[in-house]
Visitor: 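First the structure, which I've put down as structure tokens, then a few questions once you've had a look.
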Number of protein chains: 2
Amino acid sequence: MSDAPSVRNRRPPGERREQILAVATEMFGNAGFRGVSLADIAARVGISQPGLIHHFRSKEDLLIATLERRDAESSGHIEEAFRDSSAIDALLSLCRYNMANPDSVRLYSVESAESLEPGHPAHEFFRSRYSRVRETVAGRVRRDQELGLLPFDIVPFEFAAGVIALMDGLQVQWLLDPSFDMSSVLSAYLERFRK
Amino acid sequence: MSDAPSVRNRRPPGERREQILAVATEMFGNAGFRGVSLADIAARVGISQPGLIHHFRSKEDLLIATLERRDAESSGHIEEAFRDSSAIDALLSLCRYNMANPDSVRLYSVESAESLEPGHPAHEFFRSRYSRVRETVAGRVRRDQELGLLPFDIVPFEFAAGVIALMDGLQVQWLLDPSFDMSSVLSAYLERFRK
DNA sequence: GTCTATACCCGGATAGAC
DNA sequence: GTCTATCCGGGTATAGAC
């Protein structure tokens, strides 16, 4: 009875928000934006559906916030890897990082496909993200070419588009079968490009 | 008035079924299984929702039939390519074939991700399909190794898992931007494996 | 910050007529 | 083979109290 709804159930604002985003990451990643209801998420958080919507204006807002949170979380690791390692080593490191974060990977695999539809709430998010990530990787490839780590017959844009595609595709096979070793396949492909 | 609902609206059984599957391919590929209603599909076909469900027991049945139809359509091209060409040439040919069939590609990209969830109607369909396709490609790689077309330091399973991942991932980038040239990126990667 | 209650719309599937 | 009518469950979002 002491757990009856009351003012005492309140949590510090930031903490509750973070908790919601973690639950949403897992649930949107499982069933997609359309496959989960706000009530489902609220139930797992332990509040009511209107209680949930108090923190995010709408379901769409919650999805975008969930996607942006993951990018913010991983950006530190990625920037460091691309600054301190060659393109190939940084990408292999990112792959291992991903294998330690299945919920985030699942969210991205599911939402990037669901958002192919022009009207989807995350459509523009992924469009611009692909452009940006391809440019980041291509830039690091150019630097490796100048440093003599990669041959000049590589077209940076093609290499970049290809690794991103490769990693995206491997993630799907890994999510379907967690014993599948993404990093060994990625390594076998990337080693073919070394000078 | 002559178009009022009547017995004259009937179509030969096979023809109507085929028409439904073509519409379903396009619509499931756009918005996913959960993003389209039977009423949406029925409206585009020009019949009512119960009229649609007369041809397929349930929405799940319709999805599976739609996925199987695409495999049946492309299997002729694929078998021929793998019989008459090297692994690399057959895969490049398949990529060009895919670029001529965007609706089918979209259906597969969207549904393979949506079906990652264990309870999804197409979950088992894609699980077993990935195993089967990987084995087909790996087998062709082994034959190319014996024929002296590919070096023996390639691990057939890794090569196979990687190309499939690469092609899957490229399709997403291509669907987001139709001017993106999948086949040139694929070619740049596969050429690195030639003996 | 969280609740209950509710307005309002949409989905899949079935019954039964033609 | 196709329709209309209907059942029933579930979805998002808002109103207003505490």
Side-chain angles (χ1 to χ4, degrees), chain A residues 1-24 27-28 30-66 111 114 117 119-122, chain B residues 1-24 27-28 30-66 111 114 117 119-122:
Chain A
M1 289 297 164
S2 58
D3 277 353
S6 81
V7 163
R8 291 197 203 93
N9 275 6
R10 286 189 190 171
R11 296 260 211 125
E15 194 185 318
R16 180 65 93 189
R17 202 184 145 89
E18 178 57 26
Q19 184 198 10
I20 292 169
L21 289 172
V23 170
M27 298 189 80
F28 283 146
N30 264 324
F33 179 72
R34 290 191 240 256
V36 188
S37 72
L38 293 174
D40 293 339
I41 297 170
R44 279 272 308 271
V45 170
I47 59 178
S48 68
Q49 183 253 15
L52 173 65
I53 213 67
H54 172 77
H55 296 272
F56 300 88
R57 275 174 193 281
S58 68
K59 194 186 180 188
E60 298 199 2
D61 268 29
L62 174 57
L63 175 67
I64 299 298
T66 304
E111 287 311 317
E114 192 179 25
E117 189 195 8
H120 189 280
Chain B
M1 290 300 165
S2 57
D3 278 353
S6 79
V7 163
R8 290 198 204 92
N9 274 6
R10 287 189 191 171
R11 296 262 211 122
E15 193 184 319
R16 180 67 92 188
R17 201 184 146 88
E18 179 57 26
Q19 185 198 9
I20 293 170
L21 289 172
V23 170
M27 299 189 81
F28 283 144
N30 264 325
F33 180 71
R34 290 191 238 258
V36 188
S37 71
L38 292 174
D40 292 339
I41 297 170
R44 280 271 309 272
V45 171
I47 59 177
S48 68
Q49 183 251 14
L52 173 63
I53 215 66
H54 171 78
H55 295 272
F56 300 88
R57 275 174 194 280
S58 68
K59 196 186 180 190
E60 297 200 3
D61 268 27
L62 173 57
L63 175 67
I64 299 297
T66 305
E111 288 311 317
E114 192 180 24
E117 189 196 7
H120 190 280

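Throughout, a chain's letter reflects where its sequence line sits, starting with A, and its residues are numbered from 1. Computed over heavy atoms, backbone and side chain alike; hydrogens, waters and symmetry mates excluded.
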Visitor: Nearest whole angstrom, please: distance from the C1' of D:dT4 to the CD1 of B:I47.
Guide: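 Going from CD1 in B:I47 over to C1' in D:dT4 covers 14 Å.
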Visitor: Of the candidate nucleotides C:dC3, D:dT2, D:dA13, which contains the atom at the shortest distance from the side chain of B:R16?
Guide: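 Closest of the options to the side chain of B:R16: D:dT2.
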Visitor: Between B:S48 and D:dT2, is there a contact of a side-chain N or O with OP1 or OP2 at under 4.0 Å?
Guide: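 For D:dT2, neither OP1 nor OP2 has a side-chain N or O of B:S48 closer than 4.0 Å.
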Visitor: Calculate the interatomic distance between A:I41 atom CD1 and D:dG11 atom C1'; express it in whole Å.
Guide: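 Going from A:I41 (CD1) to D:dG11 (C1'), I get 13 Å.
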Visitor: Taking side-chain contact (heavy atoms from CB on, under 4.5 Å) as the test, write out the residues that go with B:A65, two or more places apart.
Guide: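 So B:A65 forms a side-chain contact (heavy atoms from CB on, under 4.5 Å) with B:R17, B:L21, B:F56.
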Visitor: Could you pull out all residues at least two apart from A:D40 that satisfy side chain to side chain donor-acceptor pair (under 3.5 Å)?
Guide: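 So A:D40 forms a side chain to side chain donor-acceptor pair (under 3.5 Å) with A:S37.
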Visitor: Which atoms form the tightest heavy-atom contact between A:N30 and B:E117, and what is the distance?
Guide: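 Heavy atoms only, the tightest pair is O-CB, 3.1 Å.
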Visitor: Tell me: CZ of B:R57 to P of C:dG12, nearest whole Å?
Guide: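 These atoms are roughly 18 Å apart.
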Visitor: With a 4.0 Å limit, can you tell me whether A:H55 has a side-chain N or O closer than that to the phosphate oxygens OP1/OP2 of C:dT2?
Guide: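 So the side chain of A:H55 is within the cut-off, an N or O lying under 4.0 Å from OP1 or OP2 of C:dT2.
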Visitor: In whole Å, I'd like the distance from the CD atom of A:E18 to the C1' atom of C:dG1.
Guide: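 A:E18 atom CD is separated from C:dG1 atom C1' by 18 Å.
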Visitor: Return the nearest nucleotide to the side chain of A:I53; candidates are D:dT14, C:dT4, C:dT14.
Guide: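 So the nucleotide nearest the side chain must be D:dT14.
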Visitor: List the atom of A:E111, the atom of A:F33, and the distance in Å for their closest heavy-atom pair.
Guide: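 Minimum heavy-atom contact is OE2-N, 3.0 Å.
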Visitor: Using whole Å, report how far CG of A:L62 lies from P of D:dA13.
Guide: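 Value for this atom pair: 10 Å.
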Visitor: Going by the side-chain hydrogen bond (donor to acceptor under 3.5 Å, both in side chains) test, which pairs reach into residues 43-54 of chain B, not counting sequence neighbours?
Guide: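 Passing the test, one end in residues 43-54 of chain B: B:E26-B:R44.
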Visitor: For residues A:E114 and A:R34, determine if any side-chain heavy atom of one lies less than 4.5 Å from a side-chain heavy atom of the other.
Guide: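 With C-beta onward as the side chain, the pair touches.
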Visitor: Measure across A:I41 and A:L62 and return the closest heavy-atom pair with its distance rounded to 0.1 Å.
Guide: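 Distance-wise, the nearest heavy atoms are CD1-CD2, 4.0 Å.
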Visitor: Angle between the two end axes of the helix from C:dG1-D:dC18 to C:dC18-D:dG1, five base pairs per end, rounded to 10 degrees?
Guide: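 That helix has its two terminal axes inclined by roughly 10°.
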Visitor: Check the distance between D:dT4's C1' and B:L52's CG and give it to me in whole angstrom.
Guide: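 Interatomic distance, CG of B:L52 to C1' of D:dT4: 16 Å.
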Visitor: Give me, pair by pair, the N or O atoms of the protein and of nucleotides 5-11 of chain C that are less than 3.5 Å apart, along with how far apart they are.
Guide:
none

Visitor: Apply side-chain contact (heavy atoms from CB on, under 4.5 Å) to A:I53 and list each qualifying residue two or more places apart in sequence or on a separate chain.
Guide: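 For A:I53, the residues satisfying side-chain contact (heavy atoms from CB on, under 4.5 Å) (neighbours in sequence not counted) are A:L38.
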Visitor: Which atom pair, heavy atoms only, marks the closest approach of B:P121 to B:L63?
Guide: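 Closest approach of B:P121 to B:L63: CG-CD2, 4.2 Å.
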Visitor: Hey, is the side chain of B:H54 poking within less than 4.0 Å of OP1 or OP2 on D:dG1, counting only N and O atoms?
Guide: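 It does, given that an N or O in the side chain of B:H54 lies less than 4.0 Å from OP1 or OP2 of D:dG1.
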